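Taking it in order: structure first as structure tokens, then the write-up.
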Amino acid sequence: MVETSQPLGRFQYQRLELKRCVPTFLSSHKTLFTVLWIAAFGSVFLWQRNAVGGGGFNIFWRAPVRPMPKLRPFAFNLTDFGGVGDGVTVNTAAFERAVSAISKLGKRGGGQLNVPPGNWLTGPFNLTSHMTLFLAEDAVVLGIQDEKFWPLMPPLPSYGYGREHPGPRYGSLIHGQNLKDVVITGHNGTINGQGQTWWKKYRQKLLNHTRGPLVQIMYSSNIVITNITLRDSPFWTLHPYDCKNVTIRNVTILAPIFEAPNTDGIDPDSCEDMIIEDCYISVGDDAIAIKSGWDQYGIAYGRPAKNILIRNLVVRSMVSAGISIGSEMSGGVSNVTVENVIVWNSRRAVRIKTAPGRGGYVQQITYRNLTFDNVRVGIVMKTDYNEHPDEGYDPKAVPVIKDISFTSIHGQGVRVPVRIHGSEEIPIKNVTFQDMSVGLTYKKKHIFQCAFVEGRVIGTIFPAPCENLDRYDEQGQLVRRSASQNTTDIDYDF
């Protein structure tokens, strides 16, 4: 018996189509159902959280602002002095009134100025002794961009007529002189110099005076700067000048890596007993540049930079170097330790730069446990950085460069690991390399470049060192003494 198919009835056809469509619909809308389920669950969670707190339903709920700790006997808010954090109102007078009130409390332990969340536009203002400036989370101090609001100051005595122009210079956004016991800290609040206008005018040669730093503390002692972000300075970002006992810790410093001229991160200048640690710096010039005055003016001022510890940093500079000494080092630089530092995506990693006319010295410098990642030149010493304040410098005033050690230097993606460019006038003496292994991007000869340098290599290092250096084994026993200390093997073509 042959079975014949019967046409489906209307009801049976609809049931069959439904069975076919439901799995397809569910499969194609699986993501949509998942999103809706998460949204529903999240809404209930937020409703319950706000209901328990008595605040009602609010899908845009955010964590409460962290309370600002009281670190001094007396504490004030900027709003107590008329401050308005709307990003438009100029708060210079409010800052000045607050600092004036705190200046009267020095014998009673000083005072704390709290800057609440908000955008606090201001012109430059001065700090006072025994003061804590505390920047709350989401507090942003904004530097006013019109230079007419920035006062002019005499040039720095160790720089002569001015760093960029002869005569007066612009002051810093946050300034202090002859102070003791000053703290700038917070819950990672920000000081923003809004330097874009300054950089543009500098490139267009529209400024008649040297640009001012973001934060500059001068002739002061017992300074602590921690837990803040500094960004977009008109010029050098953080400039302690002729200070003692300075601590800079857990600070983030930012500026565009290109077209933000001279935005050094931290410039310890003729400072003594200083520590810089646990910082991240990515800027448009040197991340750190240790200085001590410029040519004859720095020699006459005679204040060295000494006893400085730099450790636990991550830094980047596509224009200059991660950690520099100089070129303004005429007062001398000594007893500096740089350790546990990562330099990434940079033009140079560590650099010492000077020139005839500088005078002074760079000595007792220790580099230890450095990592270079994608760096064009790793270690640089340059003795012909011929930039001078005026024609009054003495070309016979040559610096002394000696007693410099490099231990545990590692990395990858480095084009030229070492370039030590001494000269007949300025030979570089007593340089030591030990435990060095740097991965290369160029497989060329002469990538460990030397000229007029004397020193030693202890053990085996990679790449192979230049012929200028004596060789010692791992136990410190002399293997071979160099007869080529004055050999020149510098190639700036790569």
Side-chain angles (χ1 to χ4, degrees), residues 154-164 169 172 177 210 213 215-221 223 235-246 248 262 264-276 285-310 320-338 350-367 380-390 392-404 426 428:
L156 295 169
S158 59
Y159 286 78
Y161 294 113
R163 190 62 184 82
E164 293 180 324
R169 61 189 176 93
S172 58
Q177 291 187 202
T210 300
V215 179
Q216 185 177 60
I217 310 294
M218 303 173 61
Y219 318 123
S220 300
S221 61
I223 308 300
F235 191 55
W236 301 343
T237 303
L238 178 51
H239 186 212
Y241 180 84
D242 197 354
C243 291
K244 293 183 179 180
N245 194 18
V246 179
I248 300 171
N262 309 109
D264 297 14
I266 305 172
D267 285 358
D269 202 334
S270 295
C271 288
E272 179 179 349
D273 300 333
M274 183 171 182
I275 182 169
I276 302 170
D285 209 301
D286 294 316
I288 293 178
I290 301 172
K291 303 174 182 290
S292 64
W294 201 11
D295 286 3
Q296 71 270 31
Y297 303 104
I299 294 171
Y301 192 69
R303 301 283 201 284
K306 62 181 181 180
N307 307 335
I308 297 174
L309 173 61
I310 299 169
S320 194
I323 311 290
S324 283
I325 297 177
S327 73
E328 308 95 325
M329 39 61 63
S330 301
V333 178
S334 67
N335 194 23
V336 175
T337 297
V338 180
V350 296
R351 176 167 66 164
I352 297 172
K353 47 184 177 176
T354 185
R358 291 289 191 270
Y361 52 83
V362 176
Q363 60 189 26
Q364 299 167 0
I365 314 296
T366 300
Y367 298 95
V380 182
M381 298 187 206
K382 186 176 177 64
T383 57
D384 60 351
Y385 202 85
N386 289 308
E387 190 178 71
H388 304 283
D390 52 48
Y393 74 96
D394 179 6
K396 296 182 180 179
V398 295
V400 173
I401 313 296
K402 66 177 184 178
D403 305 336
I404 302 166
I426 310 173
I428 297 172

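Just so it is clear, the model here is predicted, and its values are computed rather than measured.
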Query raised in the report: Any side-chain donor paired with an acceptor under 3.5 Å for Tyr297 and Asp390?
Result: yes
Requested in this report: Might you point out which heavy atoms bring Asp269 and His239 nearest each other, and give the distance in Å?
Outcome: OD2-NE2, 2.9 Å
Requested in this report: Look up atom CD in Glu272 and atom OG in Ser221, then write down how far apart they are to the nearest 0.5 Å.
Outcome: 11.0 Å
Report task. Report yes if the side chains of Glu328 and Leu156 come closer than 4.5 Å at any heavy-atom pair, otherwise no. Result -> no
Query raised in the report: How long is the gap from CD1 on Ile310 to OH on Tyr367, to the nearest 0.5 Å?
Result: 8.5 Å
Query raised in the report: Quick one: does Met381's side chain get under 4.5 Å of Ile404's, heavy atoms only?
Result: yes
Report summary line: In short, Met218 meets Ser220 closest at the heavy-atom pair O-OG, 2.7 Å
Requested in this report: Side-chain contact test, heavy atoms from C-beta onward, threshold under 4.5 Å: evaluate it for Ile299 versus Asp394 and give yes or no.
Outcome: no
Report summary line: When rounded to the nearest 0.5 Å, the distance separating CD of Gln177 from SG of Cys243 is 10.0 Å
Requested in this report: Any chance you could measure Asn335, atom CG, to Asp403, atom CG, to the nearest 0.5 Å?
Outcome: 11.0 Å
Report summary line: Applying side-chain contact (heavy atoms from CB on, under 4.5 Å) to Asn386 and not counting sequence neighbours gives Ala355, Pro356, Asp384, His388
Report task. Find out whether Pro268 and Val246 are in side-chain contact, i.e. whether some heavy atom of one side chain is under 4.5 Å from a heavy atom of the other. Result -> no
Query - CD1-CG distance between Ile217 and Leu238, expressed to the nearest 0.5 angstrom - result: 8.0 Å
**Report entry** Polar side chain donor-acceptor pair, Asn245 to Asp273, under 3.5 angstrom
**Finding:** no
Query - Side chains of Ser172 and Val215 in contact at under 4.5 Å (non-hydrogen atoms) - result: no
Query raised in the report: Does Ser270 reach the main-chain N or O of Pro304 with its side chain, forming a donor-acceptor pair under 3.5 Å?
Result: no
**Report entry** Heavy-atom side-chain proximity of Phe235 to Glu164 below 4.5 angstrom
**Finding:** yes
Query raised in the report: Is there side-chain contact between Met274 and Pro240, with heavy atoms separated by less than 4.5 Å?
Result: yes
Query raised in the report: Using the ring of each side chain (for Trp, its six-membered ring), is Tyr219 parallel, tilted or perpendicular to Tyr241, with breaks at 30° and 60°?
Result: perpendicular
Report summary line: For Ser292 and Ser330, the nearest pair of non-hydrogen atoms, with its separation, is OG-N, 3.6 Å
Report summary line: So CZ of Arg163 and OG1 of Thr210: to nearest 0.5 Å the spacing works out to 8.5 Å
Query raised in the report: Between Trp236 and Lys291, which heavy-atom pair has the shortest distance, and what is it?
Result: CZ2-CE, 3.7 Å
Report task. Check Val333, Ile325, Ile426 against Ile401 for a side chain to side chain contact (heavy atoms under 4.5 Å, CB included) and give me the one that passes. Result -> Ile426
Query raised in the report: Are side-chain N/O atoms of Ser320 and Asp286 paired as donor and acceptor at under 3.5 Å?
Result: yes
Report task. Give the minimum heavy-atom separation between Asn262 and Asp285, together with the two atoms involved. Result -> CA-OD2, 3.5 Å
Report summary line: Which of Arg351, Glu387, Arg358 passes side-chain hydrogen bond (donor to acceptor under 3.5 Å, both in side chains) with Ser327? It is Arg358
Requested in this report: For Asp242 and Tyr301, run side-chain contact (heavy atoms from CB on, under 4.5 Å): C-alpha distance rounded to whole Å, both residues' side-chain angles, the deciding distance at 0.1 Å, then the answer.
Outcome: CA-CA 10 Å; Asp242 197 354; Tyr301 192 69; 2.5 Å; yes
Report task. Indicate the atoms forming the closest heavy-atom contact of Ile365 with Ser334, along with that distance. Result -> CD1-CA, 4.5 Å
